[in-house]
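Here's the structure we're looking at; comments come further down.
Quick caveat, the model's predicted, so the values are computed rather than measured. Order of the sequence lines sets the chain letters (A, B, ...), proteins ahead of strands, with each chain counted from 1.
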Number of protein chains: 2
Amino acid sequence: MGTLADHIEAYIKQMLRENQGRAIELSRAQLADVFACVPSQINYVLATRFSLERGYIVESRRGGGGYIRIGRVQVEDVRQDTIELLNQIGQRLSERQMNNVLARLIDHHVLNARQAGIIRGIVQQECANIGEGKDVLRASLVRAMLLLILEQGV
Amino acid sequence: MGTLADHIEAYIKQMLRENQGRAIELSRAQLADVFACVPSQINYVLATRFSLERGYIVESRRGGGGYIRIGRVQVEDVRQDTIELLNQIGQRLSERQMNNVLARLIDHHVLNARQAGIIRGIVQQECANIGEGKDVLRASLVRAMLLLILEQGV
DNA sequence: CTAGTCAAGGTCAGGGATGGTCAGAGGAGG
DNA sequence: CCTCCTCTGACCATCCCTGACCTTGACTAG
């Protein structure tokens with residue numbers, strides 16, 4: 001974890017943990033100050049690490065007294081949520097989307113980092129040998145492997 | 001005398017040993033520099049010597065702060081012949097062939113009947129949604145799920 | 001009420017830093 | 001020769017980070 005974006009991500013997640021997972025509120029300018037970077041860097045981190053796909057909800061308001069609020073999508077039944085997530089995977093799944101799915105499942109403790117790594121490795125290897133239709137194959141593979149884990153890992 | 005690829009392979013394995021088998025992280029450009037070769041040579045070594053079948057897992061990230069991470073997955077000797085079997089699955093796998101593979105793995109106690117059933121179900125579902133290339137997709141799916149079970153125990 | 005001002009946050013295009021891919025040249029062994 | 005493995009280089013894809021410019025909201029002077 002070396003980049004600035006990684007550090008900011010970790011910092012925000014730490015804040016969330018310390019707040020027991022309830023939504024936190026912060027100032028973009030102040031946070032940028034803490035990390036000595038331009039404010040728009042914060043937007044980059046929010047867009048890439050705290051997207052809805054990854055299970056986060058980000059709200060904000062401009063103007064005087066503006067703020068950024070970050071919360072997690074509330075999930076009652078993790079297993080059910082995962083199944084829905086898998087159903088929402090369409091016919092195609094980009095590498096980026098896959099990473100978002102895996103990141104979210106790690107967050108929800110459906111997977112650990114090791115399992116996610118193995119899945120990524122398998123997908124990469126299988127996708128390497130075909131030209132067209134990587135996204136289609138990736139969608140099938142990810143669905144299949146996650147279903148397998150769900151149905152028999154419990 | 002070994003080839004350049006052999007030397008790079010040995011070098012990386014040495015690094016892994018020195019790190020007690022924990023995953024190592026390296027820079028493609030730097031490593032290429034050490035061996036005075038083009039960066040893509042590293043990819044060649046990774047693809048040919050550090051594949052999943054050989055028990056390695058390779059992850060990478062591009063862009064600033066990019067890296068290549070190499071870790072090991074433990075594969076029990078008992079299961080090594082299963083890996084062989086998976087490697088023999090070619091680009092296509094008919095339903096009959098799949099059933100033969102699964103039956104054989106049940107015989108060898110690599111799978112139980114329930115697991116085989118789950119795999120069949122998932123494959124059937126995934127293959128139902130596409131027209132052409134069912135056999136190709138089936139080959140990928142079966143390889144992927146069996147690798148997942150082997151390397152991770154699910 | 002209106003316009004102006006200040007204080008947030010948002011967007012977007014671009015540049016630099018990595019790693020990935022692929023076709024083909026080059027070699028070593030049968 | 002023929003084939004398989006190595007190795008290279010040109011071109012590609014992705015990620016991170018910045019800075020100029022834009023939008024929104026609250027407050028306040030007239």
Categorize [X] for me: base, sugar-phosphate, or nothing, with a 4.0 angstrom heavy-atom threshold over every strand shown.
X	answer
B:Arg69	nothing
B:Leu4	sugar-phosphate
B:Ile42	nothing
A:Ser27	sugar-phosphate
A:Thr3	sugar-phosphate

Exercise. Are B:Phe50 and B:Tyr44 grouped together when hydrophobic residues (ILVMFWY) are joined by side-chain heavy atoms under 4.5 angstrom apart?
Worked result: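 Different clusters.
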
For this session: Report whether B:Leu93 and B:Ile149 are members of the same hydrophobic cluster (ILVMFWY, side-chain heavy atoms less than 4.5 Å apart, transitive linking).
Result: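 As far as the 4.5 Å side-chain criterion goes, B:Ile149 and B:Leu93 are connected within one cluster.
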
Spacing of [X] atom [atom1] relative to [N] atom [atom2], expressed in whole Å:
X	N	atom1	atom2	answer
B:Leu46	D:dT6	CG	P	13 Å
A:Gln124	D:dT14	CD	P	13 Å
A:Asn99	D:dA13	CG	P	18 Å
B:Ile68	D:dT14	CD1	P	16 Å
A:Arg28	D:dT18	CZ	C1'	12 Å
A:Glu95	D:dC12	CD	P	19 Å
A:Asn43	D:dA20	CG	C1'	15 Å
A:Gln41	D:dC15	CD	P	14 Å

Problem set entry | DNA chain D-proximal residues of residues 53-66 of chain A, any heavy atom under 4.0 Å |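 Under 4.0 Å from DNA chain D: A:Arg61, A:Arg62, A:Gly63, A:Gly64.
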
For this session: Give the first and the last nucleotide of DNA chain C, reading 5' to 3', that has any atom under 4.0 Å from a heavy atom of chain A.
Result: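 Taking any atom under 4.0 Å from a heavy atom of chain A, the span is C:dA7 to C:dT11.
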
Exercise. Does B:Glu95 CD have over 12 foreign heavy atoms under 6.0 Å away?
Worked result: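 No, because the 6.0 Å sphere around CD of B:Glu95 holds 12 heavy atoms or fewer from other groups.
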
Exercise. Heavy-atom count around B:Phe35 CZ within 6.0 Å, excluding the residue itself: above 12?
Worked result: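 Yes, enclosed.
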
For this session: Take B:Val45 and A:Tyr44, find for each the nucleotide of DNA chain D with the closest heavy atom, and name the residue whose nucleotide sits nearer the 5' end.
Result: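 Per heavy-atom nearest nucleotide, the more 5' residue is B:Val45.
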
For this session: By nearest nucleotide on DNA chain D, pick out whichever of A:Gly2 and B:Ala36 is the more 5' one.
Result: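 Of the two residues, B:Ala36 wins.
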
Problem set entry | Beyond-backbone contact of A:Thr82 with A:Leu146, side-chain heavy atoms, under 4.5 angstrom |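 Heavy-atom side-chain distance check fails, nothing below 4.5 Å.
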
Problem set entry | Student check: side-chain heavy atoms of B:Ile89 and B:Leu86 closer than 4.5 Å |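 Yes, their side chains come closer than 4.5 Å.
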
Exercise. What are the two closest non-hydrogen atoms of B:Ala139 and B:Gly90, and how far apart are they?
Worked result: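 Heavy atoms of B:Ala139 and B:Gly90 come nearest at CB-O, 3.8 Å.
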
Problem set entry | Side-chain donor-acceptor contact under 3.5 Å, B:Asn43 with B:Ser40 |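 Judged by distance alone, the side chains do not pair up.
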
Exercise. Would you say the side-chain atoms of A:Glu18 and A:Gln14 include a donor-acceptor pair closer than 3.5 Å?
Worked result: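 Per modelled atom types, A:Glu18 and A:Gln14 side chains form a pair under 3.5 Å.
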
For this session: Look up atom CZ in A:Arg120 and atom CG in A:Leu141, then write down how far apart they are to the nearest 0.5 Å.
Result: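 Rounded to the nearest 0.5 Å, the CZ-CG separation comes to 14.5 Å.
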
Problem set entry | Contact nearer the 5' end of DNA chain C, comparing A:Ile130 with B:Gln30 |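 This one resolves to B:Gln30.
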
